[in-house]
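Notes follow once the structure below has been shown.
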Amino acid sequence: MVPDDVRKEILAKVREFHALAHGDCPFEAGKTRIPYAGRVYDERDMQEMVNAVLDFWLTLGPYGDAFEEKLKSFLGVSEVILVNSGSSANLVAVSALCSKEIENHLRPGDEVITPAVTFPTTVAPLVQNNLVPVFVDCELGTYNLDASLLDEAVSERTRAVFLAHTLGNPCDMDAIMDFARKHELFVIEDVCDALGSRYDNTAVGTFGDLGTLSFYPAHHITTGEGGAVVTNDERLARVARSVRDWGRECYCTHRTRNPHGECGRRFEFEIRGMSGNYDHRYVYSNIGYNLKPTDIQAALGCAQMEKLLKFIEARKRNFGQLHAGLEEFEEFLMLPTWSEKAEVAWFAYPITVREAAPFLRKELLLWLEEGLIQTRLLFAGNILRQPGYRDIPHRVAGRLTNSDLVMRNSFFIGVYPGLREEHIAYVIDRFGKFFRRL
Ligand SMILES: Cc1ncc(COP(=O)(O)O)c(C=O)c1O
């Protein structure tokens, strides 16, 4: 037997195992859990991962290259840098803009405008890089940064905007990009919840200088843990890759057997202050980290990409069904809104309990959770009220009234592709029963 035959046998067994151990469960009202999100996978996902294990490349290799190519063509970008989480993608993106190798780079004390309702690791890299977040309020309904407040937020120190497309819903990119151009600001888009969403027929994540993705199981595709930085700027991509890879200057893939390196110039680089021609693999031009994923994760990413369009369709369908079913409860609940220019690959379905409602958010959440319907709050709410963030150096533009309301009264439920019509019908019915009890 040759290794290829054994591989085929193993992969056939994986298919068999998947069918036996990971098949579909029938829905039973009140007994089946309705998660807010979750991994959706088939035999191909498991087979590709096993294939990568058998290859035993381990660190980023052929599957990493293939996954990057698939993301590039899906988003229409020229550069994708895989990392090990969405949080790492945010850290790499902000750190890259602080690199001395970038013209007009960000410096300690520079201000970055960002929404107060946010995910913690969208703000953390600003603090970690000694930048000053300037918080603006969010819109109710979209829960995105309110672009009408940008003029109020800008100062002489403002150098960038770091926005997130909340739960997949695109921000007002016309207004934000006009503002950024006018004030010559960098723009980073956190697309961790919005892979596949479009604004004005353009993929979100491709408007700004850099976009960031997460492949945590809750998101549109998964690699277990994982993420990526995307950009159309070759220089920024090179620096982002350096920040990811220990700060290393060399950007060859190091997969060649040529002792002179892939570029053939490994020992030809003269670096100021270093005697001789130091091996370029060991030249560090940035303060870096090691935030790389593995080839096994990338193998899963490749298989997931084949299903992404179907996943997005299912998210839209589930969202539409939920929206139609919950409309009759608008007296109590504020339902989501979106721009006419937005085509939304929804991450989840956000709801705000109206202030005049005769019940507390907690009562509704417990009712849903007791009915096995998972609920989640809108991440950190107003991040400035979180213990770890209360005392960070920051500025607030105007008031954060909506952000506080979101923290008190908003939550979201699932629309992920693992849910079908019967799951959503059950969720709507459970809401109805709550309101009939009032
Ligand atoms: C908007 C946003 N940004 C960043 C992240 C961080 O991604 P990760 O969990 O992959 O670190 C998340 C996580 O869910 C997120 O929702």
Side-chain angles (χ1 to χ4, degrees), residues 35-39 67 71 80-95 112 114-128 133 135 138-139 142-145 161-171 176 187-197 204-205 207-208 210-230 243-244 289-294 297-298 300-301 304 315 336 344-350 374-383 386 388-389 403 406-407 410-416:
Y36 84 95
R39 67 228 197 290
F67 186 29
L71 284 166
V80 171
I81 300 105
L82 295 178
V83 291
N84 59 6
S85 73
S87 304
S88 298
N90 285 346
L91 178 60
V92 166
V94 174
S95 305
V112 179
T114 199
V117 168
T118 186
F119 195 83
T121 49
T122 310
V123 177
L126 303 176
V127 180
Q128 286 152 340
F135 293 106
C138 69
E139 298 169 328
T142 69
Y143 307 99
N144 281 327
L145 171 157
V161 178
F162 194 174
L163 58 88
H165 301 286
T166 308
L167 304 183
N169 198 351
C171 293
I176 292 169
V187 174
I188 309 177
E189 293 173 77
D190 180 328
V191 192
C192 289
D193 297 338
L195 178 59
S197 287
V204 296
F207 286 84
L210 295 148
T212 61
L213 301 173
S214 165
F215 308 130
Y216 186 73
H219 292 127
H220 293 59
I221 56 166
T222 188
T223 60
E225 303 287 352
V229 177
V230 305
V243 169
R244 180 195 68 175
Y289 306 88
N290 177 1
L291 302 172
K292 294 190 295 299
T294 64
Q297 288 165 285
L300 178 54
Q304 289 269 297
R315 286 178 176 279
V344 193
W346 291 100
F347 172 71
Y349 191 92
Q374 245 186 4
T375 64
R376 287 290 181 270
L377 299 187
L378 227 171
F379 307 134
N382 174 355
I383 188 107
Q386 292 285 350
Y389 287 78
S403 305
V406 167
M407 195 160 204
S410 301
F411 66 100
F412 63 81
I413 53 177
V415 298
Y416 86 107

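Both ligands and their constituent atoms are indexed starting at 1 by order of listing. Residue indices begin at 1 and follow the sequence shown. Side-chain atoms are counted along with the backbone in the values below, which use heavy atoms only and exclude waters and symmetry mates.
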Within ligand 1, which atoms have a heavy atom of [X] less than 4.0 Å away?
| X | value |
| --- | --- |
| T122 | 3 (N) |
| S85 | 10 (O), 11 (O) |
| T121 | 6 (C) |

Problem set entry | Protein heavy atom at shortest distance from atom 3 (N) of ligand 1 | D190 OD2, 2.7 Å
Problem set entry | Protein heavy atom at shortest distance from atom 8 (P) of ligand 1 | G86 N, 3.5 Å
When only distance counts, is [X] in polar contact with ligand 1, meaning an N/O pair under 3.5 Å?
| X | result |
| --- | --- |
| D193 | yes |
| S214 | yes |
| S87 | yes |
| Y216 | no |

For this session: Fit a plane to each ring of F347 and Y36, take the angle between them on a 0 to 90° scale, and name the class: parallel (under 30°), tilted (30 to 60°) or perpendicular (over 60°).
Result: perpendicular
Problem set entry | Min heavy-atom dist F379 to ligand 1 below 4.0 Å | yes
Exercise. Can H219 be said to touch ligand 1, with heavy atoms closer than 4.0 Å?
Worked result: yes
Problem set entry | ligand 1-proximal atoms of T166, by part, heavy-atom distance under 4.0 Å | neither
Exercise. Heavy-atom distance to atom 4 (C) of ligand 1: which of C192, A37, A164 wins?
Worked result: C192
Exercise. Considering only heavy atoms from C-beta outward, does the side chain of F67 approach that of T223 to under 4.5 Å?
Worked result: yes
For this session: Indicate whether the side chain of N90 and that of T121 have a donor and an acceptor atom separated by less than 3.5 Å.
Result: no
Problem set entry | Option among T142, V204, V344 that satisfies the side chain to side chain contact (heavy atoms under 4.5 Å, CB included) test with H165 | V204
Problem set entry | Any donor-acceptor pair under 3.5 Å from N144 side chain to P170 backbone | yes
